[in-house]
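Let me begin by presenting the structure, written as structure tokens, before commenting on it.
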Amino acid sequence: MTTATAGGPPSPATDPDVAEGRRSRRIAYLLLLPGVLWLVVFFVVPVVQLFTVSLQSDYPGAPGYYYRDVNFSNYVDALVEFWPHMLRSLLFGALATFFAFVLAYPLAYAMAFKAGRWRSVMLICVIAPFFTSFILRTIAWRQILADDGVVASVLTSLHLLPGGRITETWVAVVAGLTYNFLPFMVLPIYASLERADPRVIEAGGDLYANGMTTFARVTLPMSMPGVLAGTLLTFIPASGDYVNAELLGSDRSTKMVGNVIESQFFKVPGGYDTAAALSFTLMAMILVLVFFYVRRFGTEELV
Amino acid sequence: MRTVTRWIGDRFAMIAAILVLFYLFLPVLYTFIFSFNDYRKSNITWNSNAGPTLKHWENPCGAPGICDSLVTSLQVGLLATFVATVLGTMIAFAMVRHRFRGKAASDLLVFVPMATPEIVLGASLLTIFVQGFSQVGLRLGFWTIVIAHIMFCLSFVVVTVRARLQSLDPRMEEAAQDLYAGPGETFWRVTLPLVLPGIVGAAMLAFSLSFDDFIITNFVSGDTSTFPKFVYVSYLRGIPAQANVIGFSLFVIAVLLVVVGQRVASSRTSK
């Protein structure tokens, strides 16, 4: 921003820059107002309301009826009972993010540097499965991994499947999560690799003269913003998901915190406060993790 | 042998990429195959006693409620996409093109909904709809779904359009101003056409997010059913194969639209 300097202090009423700045600010607020209002009314207010629900108390002997309170024991009770689910969610989310990264990177790399004129075809291929409802695709995984399906039969005949089944185990749930959120990992990594100048990588090749070193020293660091965005876009929905655990997992050993929140909300009378407390704990944990993660690896622009 | 390993080494990324793409498509293939399943009770396992059948393709609306839910999904998707794209584009313009107080706060307000798990968004919206909005006559159903979808699509629109705006060359607009275009003319004839691909991309993203959403919809929809909700609910009783027919057809239609859209876009730029 330049301001008039010569000829004494500019009077705010006549200085064109100041007037321009004020006009610009007024336009900005008008542009922001409807969208910001929408987010405040339908995001901020509901989240605050959920927080008050998480602190309310039951009327004794009348499940489903509450009074306003500041009752932190809801959190204690919820975590004492459901900490394994919370832990499992974070663990499954992390595993799915890791596997998605391992699968996504070669694909994004090939699209950015090796695909040539097939690039847009491959891009369409990454996005296309989205259009078959994700619930349908998850059900398809149930069919693929079924006890009498191809995968389970082959593994069983090779004596590689001690339990005799894949569905109803954590393997199926993590596989489903990995699958469902894979495009969210591929697209940001591809976007950041595509922006990278291939000549820089060539120069790296000339200087290090070794494929692996070039990759570790040049290509990977250049794609870090994409990797960062991709891991967040995968981890956050994966750890909050309950559809995969519901459709591919079992009732006992693979339930995630999302399943608990859903059933406390809809099926357990008087479960509102527990569900709200768990929702808030999940949100807080994810925001803290994201904050430190972005602090540690972050760049200026995130997405 | 040496040449073989070299060949694989050179093409490692491409081979891995094709395998991953196959992995992405495998469930779509299964969805297609099971649309021909002549099953008795549940379309989860293949009925090998009967051959493949075309009867589900002949009558895709045959399962009760399936096409109603599809229409609801399309209506919600179009409405939510339109509103979210307009509001989100306005926010993006304000953020990139204007200086104002509270910029960091509005950045945060746009970012946090994306970093919040869907189940938390759904739970909090349900709370406010039940405890507050029902008193002004808003019942859970079509409109609460639309409101929720606009909310979670908005941030993604802002981020997409903002990225496009930031990558614009400011010299284009300066040139227009130098050529005596007024601010309005510059906006409509230079800025907007340049940003349009970003806006279209954002709208497509918003539509696909809305159309495929299950978790938030399940919380705020009451008795109203969208297509994903229909599939999920009917899964418990044995999913009808008509869902496979519709799901696979949507996939084909969407791919065709994207391919045609790309052809049109590339023929325009090459002119």
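Chain A is the first sequence line, chain B the second, and so forth, proteins listed ahead of strands; every chain is numbered from 1.
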- Task: Could you look at A:F265 and say if it's the side chain, the backbone, both or neither that has a heavy atom under 4.5 Å from chain B?
- Result: side chain
- Item | Proximity breakdown for A:V53 and chain B, heavy-atom pairs closer than 4.5 Å | side chain
- Task: Measure distances from B:I150 to the heavy atoms of chain A and classify the residue's part below 4.5 Å as side chain, backbone, both or neither.
- Result: both
- Query: Do the rings of A:F51 and A:F280 sit parallel, tilted or perpendicular, given the 30° and 60° boundaries?
  - Reply: tilted
- Under 4.5 Å to a heavy atom of chain B? For A:L282 that would be side chain
- Query: What option among A:I144, A:V121, A:V47 has the most heavy-atom pairs under 4.5 Å with chain B?
  - Reply: A:I144
- What option among A:Y272, A:Y109, A:F266 has the most heavy-atom pairs under 4.5 Å with chain B? A:F266
- Query: Counting distance only, does the side-chain N/O of B:R162 pair as donor-acceptor with the main-chain N or O of B:V96 below 3.5 Å?
  - Reply: no
- Note on the structure: Heaviest contributor of heavy-atom pairs below 4.5 Å to chain B, chosen from A:P106, A:A28, A:A110, A:A146, is A:A28
- Nearest atoms (heavy-atom pairs only) where A:E262 meets A:K267: OE1-NZ, 3.5 Å
- Item | Side-chain touch A:M111/A:M122, heavy atoms, less than 4.5 angstrom | yes
- Task: Using a cut-off of under 4.5 Å on heavy-atom pairs, state which of B:N244, B:V110, B:V86, B:L26 scores highest against chain A.
- Result: B:L26
- Task: Name the region of A:I124, side chain, backbone, both or neither, that has any atom closer than 4.5 Å to a heavy atom of chain B.
- Result: side chain
- Side chains of B:K229 and B:S221: donor-acceptor distance under 3.5 Å anywhere? yes
- Query: Would you find a donor on one side and an acceptor on the other, under 3.5 Å apart, between the side chain of A:S89 and the backbone of A:V257?
  - Reply: yes
- Item | Non-hydrogen atoms of A:A108 and A:I189 that approach each other most closely | CB-CG2, 3.6 Å
- Query: Given a strict heavy-atom distance threshold of 4.5 Å, which part of A:L30 is in contact with chain B: side chain, backbone, both, or neither?
  - Reply: backbone
- Residue among B:R101, B:M90, B:R97, B:M95 with most heavy-atom pairs under 4.5 Å to chain A: B:M90
- Task: Could you tell me whether the side chain of B:S73 and the main chain of B:L70 form a donor-acceptor pair under 3.5 Å?
- Result: no
- Message: For the interface with chain A, which of B:L109, B:T31, B:V258 has the highest count of heavy-atom pairs at distances below 4.5 Å?
- Response: B:L109
- Please flag which part of B:L19 lies under 4.5 Å from any non-hydrogen atom of chain A: side chain, backbone, both or neither. neither
- Decide yes or no on ring-ring contact (aromatic ring centres under 6.0 Å, His included) for A:W141 and B:Y23, but give the supporting numbers first. CA-CA 11 Å; A:W141 275 111; B:Y23 168 72; 5.6 Å; yes
- Task: Heavy-atom distances under 4.5 Å only: say whether A:A284 touches chain B with side chain, backbone, both or neither.
- Result: neither
- A:V126 side chain reached by A:Y190 side chain, heavy atoms, under 4.5 Å: no
- Ranked by heavy-atom pairs below 4.5 Å to chain A, first place among B:F93, B:F219, B:F248 goes to B:F219
- Item | Side chain, backbone, both or neither of A:P237 within contact of chain B (heavy atoms, under 4.5 Å) | neither
- Side chain, backbone, both or neither: which part of B:N218 has a heavy atom under 4.5 Å from chain A? both
- Query: Is it the side chain or the backbone of A:T178 that comes within 4.5 Å of chain B heavy atoms, both, or neither?
  - Reply: both
- Message: Below 4.5 Å, heavy-atom pairs only: which of B:T116, B:V28, B:I147 has the largest tally toward chain A?
- Response: B:I147
- Checked A:S279, A:G258, A:P129 vs chain B; the most non-hydrogen pairs under 4.5 Å come from A:P129
- Counting only heavy atoms closer than 4.5 Å, note whether B:L121 contacts chain A via side chain, backbone, both or neither. side chain
- Max heavy-atom pairs within cutoff under 4.5 Å with chain A, candidates B:F211, B:F227, B:F34, B:F152, goes to B:F34
- Query: Looking at A:P183, A:G240, A:A238, A:C125, which one has more heavy-atom pairs under 4.5 Å with chain B than the rest?
  - Reply: A:C125
- Would a distance-only check, ignoring hydrogens and angles, find a side-chain to backbone donor-acceptor pair under 3.5 Å from A:R137 to A:N180? no
- Residue from A:V243, A:T138, A:I261, A:I139 scoring the most non-hydrogen pairs under 4.5 Å with chain B is A:I139
- Item | Pairwise side-chain contact, A:S239 with A:F92, heavy-atom cut-off 4.5 Å (strictly under) | no
- Message: Can you classify the ring geometry of A:Y29 versus B:F100 as parallel (below 30°), tilted (30 to 60°) or perpendicular (above 60°)?
- Response: perpendicular
- is_close_aromatic(A:F134, B:F214), centroid dist under 6.0 Å: no
